[in-house]
> 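Before I ask anything, here is the structure I am working with.
Quick note on labels: first sequence line is chain A, next is B, and so on, each numbered from 1.
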Number of protein chains: 2
Amino acid sequence: MKRPTIADIARRAGVSKGAVSYALNGQPGVSEATRQRIIAIAQEIGFNPNSAARALSGATANAVGLALCRPARILGIEPFFMELISGVEGELSARSYALTLQVVADPDAEIAVYRRWWGERRVDGVFVCDLRVDDRRVPVLEELQLPAVVIGGPGHTGTLASVWADDAAALVETMEYLVALGHRRIARVGGLPGLLHTEIRGKAFVEAGERLGLEQSLTVPSDYTGEEGARATRRLLGAAGRPTAIIYDNDVMAIAGLAVAQEMGLAVPGDLSIVAWDDSALCQLTHPPLTALGRDIPAYGAHAARQLLAAIEGREIGAYQDETAHLTPRGSTAAPSPA
Amino acid sequence: MKRPTIADIARRAGVSKGAVSYALNGQPGVSEATRQRIIAIAQEIGFNPNSAARALSGATANAVGLALCRPARILGIEPFFMELISGVEGELSARSYALTLQVVADPDAEIAVYRRWWGERRVDGVFVCDLRVDDRRVPVLEELQLPAVVIGGPGHTGTLASVWADDAAALVETMEYLVALGHRRIARVGGLPGLLHTEIRGKAFVEAGERLGLEQSLTVPSDYTGEEGARATRRLLGAAGRPTAIIYDNDVMAIAGLAVAQEMGLAVPGDLSIVAWDDSALCQLTHPPLTALGRDIPAYGAHAARQLLAAIEGREIGAYQDETAHLTPRGSTAAPSPA
DNA sequence: GATTTCGACTGAACCGGTTTAGTAGGCACA
DNA sequence: TGTGCCTACTAAACCGGTTCAGTCGAAATC
């Protein structure tokens with residue numbers, strides 16, 4: 001089946017290719033009557049502009065890129081990315097932008113992907129996930145002048161646009177809630193060290209712990225997987241003076257922690273309170289359901305997409321602060337039983 | 001920053017654009033010495049061929065498409081798609097193919113996306129997920145002659161290539177295992193009605209139930225969400241002559257079912273055995289861990305990608321049968337307690 | 001009535017690759 | 001010495017859009 005081109009439309013309308021281009025793109029240069037006639041013909045023959053031709057002559061590729069740098073097994077289990085993607089998609093498809101996805105093995109590969117995309121002119125802009133402290137990707141994107149929106153922050157985003165949420169505030173709110181319940185020994189199972197939001201949460205945890213006068217406020221680093229979450233939990237619960245509450249950096253680790261606690265004969269929430277960061281549907285499926293810090297991830301993605309489209313259009317944009325995660329108390333948190 | 005083009009390379013090498021093209025693409029027409037010189041220059045200046053220009057003149061866009069037609073909340077929670085994507089990616093990126101992702105609202109929108117992609121020449125081929133009985137997408141793709149690989153089957157794939165696994169056999173194996181443990185009343189919480197694999201599993205369930213002489217073999221339809229899985233479970237367990245074992249069409253519903261059983265005071269596996277289809281890491285995080293039907297989803301995706309690339313290259317391909325899911329017994333299945 | 005202006009449109013260049021047709025030079029063979 | 005053939009290249013067309021520089025006729029201006 002032959003794809004219709006503007007030349008076909010031009011022939012049928014008895015005008016030149018240029019006139020067709022003007023008509024279809026809403027540019028001045030054709031009369032309203034001719035424009036309508038051309039649009040009608042285009043619709044009739046089911047015309048879609050060849051994206052390659054458009055990208056080659058015009059400015060944009062009408063596509064944006066997202067490179068994900070996490071191993072497959074973690075990607076699968078984290079609802080975060082899929083929810084983010086679906087939010088991003090909503091904005092993009094409304095403007096007929098395509099999303100190009102690439103899974104990469106490490107930050108160097110990711111940087112190589114950006115350089116390739118830029119060289120190939122395959123994308124007009126990119127999303128940057130999993131921001132790190134002094135992230136090496138940032139200067140590369142600045143150098144390439146590739147429009148980019150960093151998903152994360154605040155800070156360490158250089159001159160790039162960003163979308164971020166105040167994790168420190170959310171964590172402090174959670175700790176105050178636990179303290180109000182009577183907890184004095186609170187632990188935290190953190191995400192991948194080196195990720196900016198892990199560091200931000202870690203710092204906030206220490207500071208709030210001091211301010212609230214906790215007896216104990218220990219962070220154990222982890223990697224978002226259930227296995228590591230379970231291991232960290234065993235370590236925390238096996239030690240003397242074990243915590244009465246644990247905050248997990250994602251829901252998968254929290255669920256694993258819950259299983260470990262039950263396995264060790266500890267009652268949740270009687271002996272141990274559990275809070276999960278990221279409130280996916282999973283948190284409501286456990287027994288007891290998990291108290292969780294949640295926010296609207298698809299909306300977060302949508303904001304990021306809007307920022308990126310604005311950046312591509314050359315509009316001046318900066319950091320956009322998204323809503324702060326809010327705590328949904330469920331059955332996994334309660335006052336600690338008297339020791 | 002200016003992107004280098006083959007004209008830049010040609011100038012520096014003192015040859016024509018054509019020679020550069022031959023050299024970089026491994027075509028005959030240049031001497032080995034010249035080829036090496038050109039390749040060296042290309043590397044030195046960091047050349048990447050403009051994908052639009054290549055797509056416009058040559059045949060391929062060097063991209064394939066994947067349209068996902070599921071609501072955001074289900075997409076997020078299902079590890080299946082992300083694992084599939086990461087497997088697909090592995091094959092694609094090895095051949096420098098890009099993956100274009102689009103989330104759509106319904107099958108009509110999905111068909112529209114295929115037509116647009118085809119018209120725009122944006123992709124060289126597509127993956128088709130969630131195959132339905134008499135799927136309307138199949139004839140459209142055949143008409144467009146857009147290379148496609150259906151992920152699912154067998155049957156209902158028309159002339160399109162496909163990758164499938166024998167779900168019926170896996171289900172029968174599972175039922176035989178449960179019968180061997182002593183179960184006579186087995187229920188099933190199914191996936192979305194209308195999806196081919198749901199129908200195939202449903203049919204196999206009924207047939208095997210009869211063949212094995214079960215007292216009861218009831219399927220309750222569901223939609224893969226935890227809420228629906230919980231509701232279906234309550235319905236099954238609340239009725240008289242409740243089943244002693246339930247097979248769930250995905251892991252999320254199985255986890256929800258486990259929580260419901262515990263909530264109702266039933267011991268798992270003592271009073272109720274539970275089997276999950278799709279063995280994600282979640283299955284090992286529950287208490288007890290779930291017996292699950294698992295297979296290597298990234299490998300499945302990789303096979304699909306290989307099939308699609310072959311189809312794009314015009315090689316004759318048909319249906320590829322992937323490994324059958326295998327049962328991993330864990331703590332959620334045991335002999336039923338004497339009634 | 002001559003000149004300017006403007007709207008509506010055309011023709012051609014251009015984007016950066018691939019590919020086809022053509023050519024120059026070297027060598028073998030009669 | 002001429003013919004044929006091969007290798008190693010070049011020039012130019014082409015893909016399908018966008019856009020720039022004109023052109024043409026009609027209306028507006030003086």
> Would you indicate, yes or no, if C:dC15 has its OP1 or OP2 atom less than 4.0 angstrom from a side-chain nitrogen or oxygen of B:Asn50?
no

> So if I take every side-chain heavy atom of A:Arg121 and compare against D:dC9, C:dG16, D:dG17, which nucleotide ends up nearest?
C:dG16

> Axis-to-axis angle across the helix from C:dG1-D:dC30 to C:dA30-D:dT1, five pairs an end, to 10 degrees?
60°

> How is A:Gly119 classified with respect to the nucleic acid when contacts are heavy atoms under 4.0 Å: base, sugar-phosphate, or nothing?
nothing

> Determine: side-chain N/O of A:Arg54 to OP1/OP2 of D:dG16, distance under 4.0 Å, yes or no.
no

> I'd like to know if B:Arg295 and B:Glu323 make a salt bridge, using a cut-off of under 4.0 Å between side-chain N and carboxylate O.
no

> Taking DNA chain D as the partner, which of residues 36-48 of chain A come within under 4.0 angstrom of it by heavy atom?
A:Phe47

> Taking for each residue the nucleotide of DNA chain D with the nearest heavy atom, is it B:Leu56 or B:Gly14 whose nucleotide lies nearer the 5' end?
B:Gly14

> Salt-bridge test for A:Arg115 and A:Glu143: reply yes if a basic N is under 4.0 Å from a carboxylate O, no otherwise.
yes

> Report which part of the nucleic acid B:Ser51 touches: base, sugar-phosphate, or nothing (heavy-atom distance under 4.0 Å, all strands).
nothing

> Can you identify which nucleotide, out of C:dG17, C:dG16, D:dT18, has its nearest atom closest to the B:Pro49 side chain?
C:dG17

> State which of C:dG17, D:dC9, D:dT19 makes the closest approach to the side chain of A:Gln27.
D:dT19

> Does A:Lys17 get its side chain close enough to the base of D:dG17, under 3.5 Å, for a donor-acceptor pair?
yes

> Does OP1 or OP2 of D:dT10 have a side-chain N or O of B:Ser16 closer than 4.0 Å?
yes

> Quick check for you: among C:dT10, C:dG17, C:dC15, whose closest atom lies nearest to any side-chain atom of A:Ala19?
C:dT10

> Taking only the side-chain heavy atoms of B:Val30 (C-beta and beyond), determine which of D:dC9, C:dC9, D:dT18 contains the nearest atom.
D:dC9

> Assign B:Ser21 to base, sugar-phosphate, or nothing according to its heavy-atom contacts below 4.0 angstrom with the strands shown.
base

> Among the candidates D:dT18, C:dT18, C:dA21, find the nucleotide nearest to the side-chain atoms of B:Tyr22.
C:dA21

> Counting any heavy atom closer than 4.0 Å, what does B:Val15 reach on the DNA or RNA strands: base, sugar-phosphate only, or nothing?
sugar-phosphate

